[in-house]
There are 2 protein chains.
Amino acid sequence: MTLRKLSTSEIARPEPAELVGASRHPIVVVVENVRSAYNVGSILRTADALMVRHVYLTGFTPPGDHRGVHKSALGAQDTVPWSHARDSVAILDALRRDGYCVAAAEITDSPSTAQDLDPGHFPLALVLGNEIEGVSESALERCHLALELPQFGAKHSLNVAVAFGVIGYDLVRRWHHLN
Amino acid sequence: MTLRKLSTSEIARPEPAELVGASRHPIVVVVENVRSAYNVGSILRTADALMVRHVYLTGFTPPGDHRGVHKSALGAQDTVPWSHARDSVAILDALRRDGYCVAAAEITDSPSTAQDLDPGHFPLALVLGNEIEGVSESALERCHLALELPQFGAKHSLNVAVAFGVIGYDLVRRWHHLN
């Protein structure tokens, strides 16, 4: 059997206009001081694929209309709801008041995985931190839990856009499993 | 409860010297004409975390000792076995002769997921294609199956390093589930 690649027109996707008001997964992403526009664009592209509710770009993270972000977002900056704010902590406090479970993508003394989550953990806000420093201490104080991926090699961390891809897919699958 | 981030020295990882001859997951990655050194470095970093056997960088993919690759590989170019070859098809033919199941990360008329795999699908070679064109037709002819991720948004694809992260973790988890 020979596999045949589908052309872009054969791949069923909603039109951008259909996404307005469409049902989205009860997940938001809070990006804290991610320096690389390349990473931010890649995160927006994954956020489009995952149909998350919103991406909060905070601190010195470049905004979604930054030229460098466009290069890797490839249009996802127009299909994913995003906003920019200076203070990640104010965003996290507001999300907690709105009933969100706040989860850091971080290596801590109390690791959880997406498979541990139950319906009470949704809606969920996933916090992604700076490429070098990770999630800030003040943001971590607002987190209910920390999600961690097994790592078998010699290095200590994954690229932040890759980590979001893996954890983001885990969260969406877990939500579908529970619903 | 306050979460506490682990410092680098608290995170248990093998030393690079311990990885020589260490047991690795029966998975190799064939990277075909990936243009961006940033993507290649990120792929090597994920390949370290996943403890795959080997990464074949083929065609015009920059090699692991390329300066730009180092910037995002962050040392993983020294902890993951990799090699560079011009012809991806010769690599795939050799892997098939060695008993590998060859799987494209690609959207095709016959989609599979990692959850469909059984013990007979390992060892497995995952083929990652060019950022624009995807996996080449001649490589696709050598593939036994194509692995695809659900995408809920308006865009048609994920960044190649992100797609490798999600599918790579899926493959390692599936292998552990089966063994």
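Throughout, protein chains are lettered first and strands after them, A, B, ... in sequence-line order, and every chain is numbered starting at 1. Excluded from the calculations below are hydrogen atoms, water molecules and symmetry mates; all remaining heavy atoms, backbone and side chain alike, are included.
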inquiry  = So, taking the atom named OG in A:S157 and the one named CD1 in B:I11, what distance separates them when rounded to the nearest 0.5 Å?
reply    =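 If we round to the nearest 0.5 Å, A:S157:OG and B:I11:CD1 are 8.0 Å apart.
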Chain A: which of [options] shares the most heavy-atom pairs with it under 4.5 Å?
| options | value |
| --- | --- |
| B:D78, B:V80, B:I107 | B:I107 |
| B:E137, B:H25, B:E15 | B:H25 |
| B:I167, B:L140, B:T79 | B:L140 |
| B:E18, B:R13, B:E10, B:M51 | B:R13 |
| B:A154, B:G165, B:G41 | B:A154 |

message = Does any part of the side chain of A:F152, heavy atoms only, come nearer than 4.5 Å to the side chain of B:P14, both counted from C-beta?
response =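 A side-chain contact is absent here, since even the closest heavy-atom pair is not under 4.5 Å.
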key: Heavy-atom check, side chain of A:Y169 versus side chain of B:V162, under 4.5 Å   =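 No, side chains not in contact.
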ask   = Quick one: do B:D170 and A:R173 make a salt bridge, cutoff under 4.0 Å?
value =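 Here B:D170 pairs with A:R173 in a salt bridge, since their nearest N and O are under 4.0 Å apart.
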Give a yes or no answer on whether the side chain of [X] reaches the backbone of [Y] with a donor-acceptor pair at less than 3.5 Å.
| X | Y | answer |
| --- | --- | --- |
| B:D109 | A:L3 | no |
| B:K5 | A:V135 | yes |
| A:K155 | B:L74 | yes |
| A:N159 | B:S72 | no |

Out of [options], return the one with the most heavy atom pairs under 4.5 angstrom to chain B.
| options | value |
| --- | --- |
| A:A22, A:P150, A:G134, A:A47 | A:P150 |
| A:T108, A:L19, A:L50, A:V52 | A:T108 |
| A:L149, A:D48, A:V166 | A:D48 |

ask   = Is it the case that one hydrophobic cluster holds both A:L171 and A:L178, taking links as side-chain heavy atoms less than 4.5 Å apart, direct or via other members?
value =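 Yes, because A:L171 and A:L178 connect within a single hydrophobic cluster, where side-chain heavy atoms sit under 4.5 Å apart.
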inquiry  = With a 4.5 Å cut-off on side-chain heavy-atom distances among I, L, V, M, F, W and Y, is there a chain of contacts connecting A:F122 to A:V55?
reply    =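 A:F122 and A:V55: one cluster.
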key: B:Y38 versus chain A, the contacting section by heavy-atom distance below 4.5 Å   =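 The side chain, not the backbone.
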message = Under 4.5 Å from any heavy atom of chain A, what part of B:T8 do you find: side chain, backbone, both or neither?
response =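 Both backbone and side chain.
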task = Measure A:E133 against the heavy atoms of chain B and call it side chain, backbone, both or neither at under 4.5 Å.
result =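 It is the backbone, since no side chain atom gets that close.
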message = Is A:T46 close to chain B through its backbone or its side chain, or both, or neither, when contacts mean heavy atoms under 4.5 Å?
response =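 Contact with chain B is through both the backbone and side chain of A:T46.
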ask   = Any side-chain donor-acceptor pair under 3.5 Å between B:S110 and A:R4?
value =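 Per modelled atom types, B:S110 and A:R4 side chains form no pair under 3.5 Å.
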message = Would you say that more than 12 heavy atoms from the other residues, nucleotides or ligands in this model lie under 6.0 Å from the CZ of B:R35, or not?
response =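 Not more than 12 within 6.0 Å, no.
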